[in-house]
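For reference, the structure discussed in these notes is given below.
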Amino acid sequence: MEILKTFLDLFGATILVPVVVFILCLFLKVGVKKAFRGALFMGIGLTAFNIILGALMGTLGPVVMEMVANTGINLPVIDVGWAPASMIVFANKLGIFYLVFGLGWNLVLFVTKVTDTFEPTDIYNYYQFLFWATIVAIVTDNFWLGVVSCMFMNLLQLLLADLLAPAIQEHYDYEGVTCTAFGCVQCAPMAILVRWIIIKLKIKEVKLDPETLREKFGFWGEPVSMGLVIGLVIAIVAKFSDLGIVATWADVLKTAILTGAIMALYPSVSGLFIKGLLPISQTLNTRLRSGEMKRKNFNIGIDPAVFFGEGATLTTGLILIPIILGISIILPGNLMMPLADLPAMPFMVIGIVTVMRGNILNSVITGAIWYPIALWCNSDIAPTFTEAAKAVGVQIPEGGAMVSSFCIGSNPILWVVYKAWTAAGSMQYIGIAVTVLVYLALLIQFKKHRRAWWLAAGASEEFLDAKFAAEKTE
Amino acid sequence: MLRLTVACGGGVVTTTLVTDQLIDILKKQRISHTVTPAKITQIANIQDQDLIVVTGKTSVKNVDEIPIMIGISLITGVGSDAFIDEFLKTVKKIEEGKK
């Protein structure tokens with residue numbers, strides 16, 4: 001571990017991350033040329049992102065702090081989005097370590113049948129719980145506790161993936177896959193609770209038409225125009241008292257263009273970073289499909305982007321964007337201003353829509369209950385995640401502005417784990433013990449009554465019958 | 001010149017995965033091309049493109065009626081050969097239509 005630290009201090013993440021990924025690729029028998037190209041782009045992506053993030057924080061940071069100082073709106077945490085969050089996480093030493101270590105851990109869990117989900121095909125999305133393990137390691141100043149907490153969070157996420165798999169396969173109509181992105185499915189337990197209440201109280205389900213609604217809320221899904229408008233509004237609010245001066249308007253418009261530009265640049269830059277990890281996912285996927293690993297009933301973890309475009313998911317997300325944005329401004333105690341992750345809202349309702357079987361009204365209501373709670377959790381951890389960002393060289397201006405990701409930091413389940421694992425004194429041991437015992441109880445409960453849980457998570461009797469009948473005849 | 005847009009939820013992960021494969025296919029067939037990444041929420045209003053490939057299922061339609069193909073099989077690997085056949089057929093039809 002000391003060696004890793006020395007190398008990281010000397011060469012920095014932009015060199016070390018690609019090197020580790022390159023070696024990992026070779027080890028998994030990805031071709032040398034493909035592996036090298038991927039690793040190279042990964043280093044370029046990391047470098048490019050530091051530049052973009054520096055520009056964003058350098059311009060928007062002071063404006064947001066002005067807004068905090070000049071108005072009552074106290075939202076100093078800037079949502080930089082899930083893509084930079086993933087890079088900050090993978091550039092920290094825990095992230096690099098877990099890319100290799102977590103892959104092994106996942107294989108062990110899969111082979112020993114603790115889980116039916118094969119997650120290494122979605123290796124990129126490790127960062128969604130690594131985010132939380134990273135701040136556990138920072139707060140406790142204990143690298144190995146960070147690793148163990150990460151292994152534990154990984155278990156929670158695999159339980160959720162196993163639980164949701166049949167419902168996801170039924171609703172999205174993709175064979176043999178599940179969602180292994182924690183930020184997309186952490187809302188599912190809340191949805192199971194809400195759906196249980198709806199069924200118990202015999203409330204009649206109201207059906208809404210996704211097509212007409214999507215057209216009405218379409219604007220909220222246009223990242224560039226939305227970035228422009230949000231940047232404009234923040235700058236106007238921040239500089240409200242000086243709006244009579246022409247120079248102020250120059251600043252306002254520059255801020256608006258910058259936030260628009262950031263939204264436009266994100267996909268291409270993060271696309272570079274991803275190229276290093278894709279060969280790993282792809283190679284493992286092909287080998288699994290070709291039957292190299294013999295297993296009858298298993299689910300493949302797949303990137304949530306393939307669920308995003310489904311009618312109910314997209315529409316629910318788009319409707320929730322203005323609702324959550326409004327709530328974030330008036331919610332007492334919230335410090336986070338959702339920005340870069342607003343277009344990612346449909347990602348954040350995948351778990352809900354799956355459980356609600358595509359019912360938009362129920363999904364929107366569940367999201368509107370869950371995400372304000374999640375905003376508090378996010379506000380709580382933002383100062384610590386800002387430290388993680390600084391540690392990998394992200395330039396954050398003085399004055400109190402902070403960074404987090406709305407999508408990844410808004411996770412009440414992992415927030416509880418984080419709080420328990422970082423509690424002071426002997427409370428920490430109790431916290432760790434309680435979370436582990438709760439997980440074990442849930443796991444045993446799930447293994448014993450799979451069918452009942454699958455039904456509660458939104459799968460239908462008919463689908464489960466058909467799925468398992470097909471397997472018997474195979 | 002084929003003007004292709006590849007789109008997914010965030011315009012990043014699966015978009016990159018599918019883009020890399022489609023570029024390989026187009027290069028092998030010696031079809032000149034440009035590929036633009038996009039988010040699903042943008043594809044309804046995209047203009048001046050010949051073809052859109054979305055990585056997952058979606059019911060979104062394009063205002064200019066640019067054809068939309070669903071490329072999920074390039075990610076899961078199930079049925080990818082059939083998709084590639086159909087993709088090339090569509091591309092050739094588009095290129096002939098331009099002449």
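Here is how names work: the chains are called A, B, and so on, in the same order as the sequence lines, proteins then strands, and each is numbered from 1.
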From [atom1] ([X]) to [atom2] ([Y]), nearest 0.5 Å:
| X | Y | atom1 | atom2 | answer |
| --- | --- | --- | --- | --- |
| B/Leu26 | B/His33 | CG | NE2 | 5.5 Å |
| B/Lys93 | B/Asp50 | NZ | CG | 14.0 Å |
| B/Leu22 | B/Met69 | CG | CE | 9.0 Å |
| A/Ile350 | A/Cys179 | CD1 | SG | 5.0 Å |
| A/Leu46 | A/Phe90 | CG | CZ | 10.0 Å |

Quiz item: Between A/Phe347 and A/Phe308, is the gap from one ring center to the other below 6.0 Å?
Solution: yes

Which residue out of [options] racks up the most heavy-atom pairs below 4.5 Å with chain A?
| options | result |
| --- | --- |
| B/Ile40, B/Ile75, B/Val13, B/Val60 | B/Val13 |
| B/Gly10, B/Gly77, B/Ala38, B/Cys8 | B/Gly10 |
| B/Gly56, B/Ala7, B/Gly9 | B/Gly9 |

Self-check item: Which portion of A/Leu277 sits near chain B, non-hydrogen atoms under 4.5 angstrom
Solution: neither

Practice problem: Among the options A/Ile300, A/Ile274, A/Leu278, A/Val177, pick out the one with the most heavy-atom pairs lying under 4.5 Å from chain B. | Solution: A/Leu278

Quiz item: Of the backbone (N, CA, C, O) and the side chain (C-beta and beyond), which part of B/Ile72 lies under 4.5 Å from a heavy atom of chain A, both, or neither?
Solution: side chain

Quiz prompt | chain A contact via B/Val54 - which portion, at a heavy-atom distance below 4.5 Å | solution = neither

Quiz item: Does the pair B/Glu86 and B/Lys89 meet the rule for a salt bridge (Lys or Arg N to Asp or Glu O under 4.0 Å), with working shown?
Solution: CA-CA 5 Å; B/Glu86 206 183 319; B/Lys89 252 187 228 163; over 6 Å; no

Quiz item: Partners of A/Phe131 by ring pair (Phe, Tyr, Trp, His ring centres under 6.0 Å), sequence neighbours excluded?
Solution: A/Phe385

Self-check item: Worked check of side chain to side chain contact (heavy atoms under 4.5 Å, CB included) between A/Phe118 and A/Leu288
Solution: CA-CA 9 Å; A/Phe118 188 77; A/Leu288 257 187; 3.0 Å; yes

Between chain B and chain A: donor-acceptor pairs at under 3.5 Å:
unit_1: B/Asp20; atom_1: OD1; unit_2: A/Lys275; atom_2: NZ; d: 3.3
unit_1: B/Thr41; atom_1: OG1; unit_2: A/Gly221; atom_2: O; d: 2.6
unit_1: B/Asn45; atom_1: ND2; unit_2: A/Glu222; atom_2: OE2; d: 3.1
unit_1: B/Lys57; atom_1: N; unit_2: A/Tyr174; atom_2: OH; d: 2.7
unit_1: B/Lys57; atom_1: O; unit_2: A/Glu310; atom_2: N; d: 3.4
unit_1: B/Lys57; atom_1: NZ; unit_2: A/Asp173; atom_2: O; d: 2.7
unit_1: B/Thr58; atom_1: OG1; unit_2: A/Gly309; atom_2: O; d: 3.1
unit_1: B/Ser59; atom_1: OG; unit_2: A/Glu211; atom_2: OE2; d: 3.3
unit_1: B/Ser59; atom_1: OG; unit_2: A/Arg214; atom_2: NH1; d: 3.4
unit_1: B/Ile75; atom_1: O; unit_2: A/Asn285; atom_2: ND2; d: 2.8
unit_1: B/Thr76; atom_1: O; unit_2: A/Asn285; atom_2: ND2; d: 3.4
unit_1: B/Thr76; atom_1: O; unit_2: A/Arg289; atom_2: NE; d: 3.1

